[in-house]
Amino acid sequence: MDKTIGFIGCGNMARAIMGGILKSGLVDGQSVRASARTEATVAEVEEQFGVKTTKDNQSVAAFSDIVFLAVKPDQYRELIEEIKGSLKEDAIIITIAAGITIKWMEEQISPEAKIVRTMPNTPSLVGEGMTAYCVNEVVTDADLEDVQAILDSFGKAERVDESLMDAIPAVSGSSPAYVFMFIEALADGAVLQGIPRKQAYQLAAQAVLGAAKMVLETGTHPGELKDAVCSPGGATIEAVAALEKHQFKGAVLSAMEACGRKSKSLGE
């Protein structure tokens, strides 16, 4: 790709995306620039990723054909006011903040601005991200190809209707945190039964990875895959019954509802 890519903000998500893009080889380090507030972060990111960094947001905006706005939702208004005069006329602006709508972005910059609203997740760092995105009408088919290529470079990307975007953090944006908790719980259970901690994490994490790949690669319903593991009167169905008695699915649904409410409120 012959586009320049900028990151304004270098938090965990920005680093995950930056790392995924560079690891994929879609662009090299010379085509990427990033800005952060502190000298410590600037130096750390430059050393970690081999890209040029700065504390000057405007210079990143002026450099970038495609610019990720990787700051917290409550910082968007101030940031846009700072950089909108420096943005390239044809720049593609990608948001990664929950609750920030396309309409609001157009009001802050221009109705003619090319806006892509995304919700990625941190597994982007290892090339297994899941990003949902939507675009405004100004984004062309050629722009879409570039956006899809970038988002696919660090995992998978799905275009969705913007009306669904507030629900995305609960199912894919924030859900790695739930999964990490599940892996930790599995490992704790393994340690309780005498398995060394390091091996416990390896066993648990690989089991979760394998289960996820079965869902994606077989196309089989998760319930059917679960049933195939549960022999009549066996140990697995005992475990499944115990999880249901403790409202395992209900707890997950409650967590997702809470996440969705919070995500929506961030844009208000």
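Please read these numbers as outputs of a predicted model, since none were measured by experiment.
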**Study point:** Validation row: F49, C10 side chains within 4.5 angstrom (heavy atoms)
**Key:** no
Practice item. Kindly check if the number of other-residue, nucleotide or ligand heavy atoms within 6.0 Å of NZ (K52) is above 12? Key: no
**Study point:** pair I150-V147: side-chain heavy atoms closer than 4.5 Å
**Key:** no
**Study point:** Test side-chain hydrogen bond (donor to acceptor under 3.5 Å, both in side chains) applied to Y133 and R117, E158, Q148, the passing residue
**Key:** Q148
Exercise for review: Start with the C-alpha gap between M165 and I168, add the side-chain angles, then the distance that decides, and say whether side chain to side chain contact (heavy atoms under 4.5 Å, CB included) holds.
Suggested key: CA-CA 5 Å; M165 286 298 290; I168 295 299; 4.2 Å; yes
Revision key, fill the gap. Taken to the nearest 0.5 Å, the spacing of E82 CD from I8 CD1 works out to 7.5 Å
Review point. Can you tell me if S31 uses its side chain to pair, donor with acceptor, with the backbone of T4 under 3.5 Å?
Key: no
Review point. Do V208 and L186 come within less than 4.5 Å of each other through their side chains, counting heavy atoms only?
Key: yes
Point to revise | Hydrophobic cluster membership, L26 vs I94, 4.5 Å side-chain cutoff | key: yes
Check your understanding: What residues, two or more places apart in sequence or in another chain, satisfy salt bridge (Lys or Arg N to Asp or Glu O under 4.0 Å) together with D90?
Key -> K114
Check your understanding: Shortest non-hydrogen contact from A70 to A14?
Key -> CB-CB, 3.6 Å
Point to revise | Q108 atom CD, neighbour heavy-atom count above 12 within 6.0 Å | key: yes
Check your understanding: Side chain of N136, backbone of I115: donor and acceptor closer than 3.5 Å?
Key -> yes
**Study point:** Salt-bridge criterion met for D188 and R197 (N-O under 4.0 Å)
**Key:** yes
Point to revise | Donor-acceptor pair, side chain of T220 and main chain of L225, under 3.5 angstrom | key: no
**Study point:** Under 3.5 Å side-chain donor-acceptor pair for S35 and N57
**Key:** yes
Check your understanding: Is D74 atom CG crowded by more than 12 heavy atoms from other residues, nucleotides or ligands, each under 6.0 Å away?
Key -> yes
Review point. Would you call K103 and E107 a side-chain contact if the rule is heavy atoms closer than 4.5 Å?
Key: yes
Exercise for review: Working to the nearest 0.5 Å, report the span between CG of L164 and CE of M119.
Suggested key: 13.5 Å
Point to revise | Cluster check M1, F154: I/L/V/M/F/W/Y, side chain < 4.5 angstrom | key: yes
Check your understanding: In terms of hydrophobic clusters joined by side-chain contacts under 4.5 Å, are W104 and L87 together?
Key -> yes
**Study point:** side chain to side chain contact (heavy atoms under 4.5 Å, CB included) evaluation trace for T54 with R33
**Key:** CA-CA 8 Å; T54 178; R33 287 191 187 173; over 6 Å; no
**Study point:** Main-chain N/O of V171 paired to S175 side chain as donor or acceptor, under 3.5 Å
**Key:** yes
Check your understanding: Are K198 and Q202 side-chain neighbours, meaning at least one heavy-atom pair lies under 4.5 Å?
Key -> no
**Study point:** Electrostatic pair D152-R159, nearest N-O below 4.0 angstrom
**Key:** no
Check your understanding: Got a second to check how far Q58's CD is from L79's CG, nearest 0.5 Å?
Key -> 10.0 Å
**Study point:** Non-hydrogen side-chain atoms of K3 and V27 separated by less than 4.5 Å
**Key:** no
Point to revise | Any donor-acceptor N/O pair, S124 side chain to N121 backbone, under 3.5 Å | key: yes
Exercise for review: Determine whether I80 and M105 make a side-chain contact, defined as any pair of heavy atoms from C-beta on separated by less than 4.5 Å.
Suggested key: yes
Revision key, fill the gap. Taking every heavy atom of P196 against every heavy atom of V191, the minimum-distance pair comes out as C-CG2, 4.5 Å
Check your understanding: I96 and side chain to side chain contact (heavy atoms under 4.5 Å, CB included): which partner among L69, V116, I17, V71?
Key -> I17
Review point. Is it true that F63 and V51 fall in one hydrophobic cluster, defined by side-chain heavy atoms closer than 4.5 Å?
Key: no
Review point. Of all heavy-atom pairs between A113 and I109, which one has the smallest distance, and what is that distance?
Key: CB-CG2, 3.8 Å
Check your understanding: Distance from I93 atom CD1 to K84 atom NZ, nearest 0.5 Å?
Key -> 11.0 Å
Check your understanding: So do H221 and D227 actually touch side chain to side chain, heavy atoms under 4.5 Å?
Key -> no
Check your understanding: A200 and A187: which non-hydrogen atoms are nearest, and at how many Å?
Key -> CB-O, 3.7 Å
Check your understanding: Is the backbone of V138 close enough, under 3.5 Å, to the side chain of E112 for a donor and an acceptor to pair up by distance?
Key -> no
Exercise for review: Just say parallel, tilted or perpendicular for the rings of F68 and F7, cut-offs at 30° and 60°.
Suggested key: parallel
Review point. Roughly how far, to the nearest 0.5 Å, is OG1 of T95 from CD1 of I100?
Key: 7.0 Å
Practice item. Could you grab the distance from atom CD of E78 to atom CD1 of I83, nearest 0.5 Å is fine? Key: 11.5 Å
Revision key, fill the gap. Minimal heavy-atom distance between D166 and G99, with the atoms involved, is OD1-CA, 4.1 Å
Check your understanding: Are L125 and M130 in one and the same hydrophobic cluster, where Ile, Leu, Val, Met, Phe, Trp and Tyr link if side-chain heavy atoms are under 4.5 Å apart?
Key -> no
**Study point:** Minimal non-hydrogen separation, P176 against P123, with atom names
**Key:** CG-CD, 3.7 Å
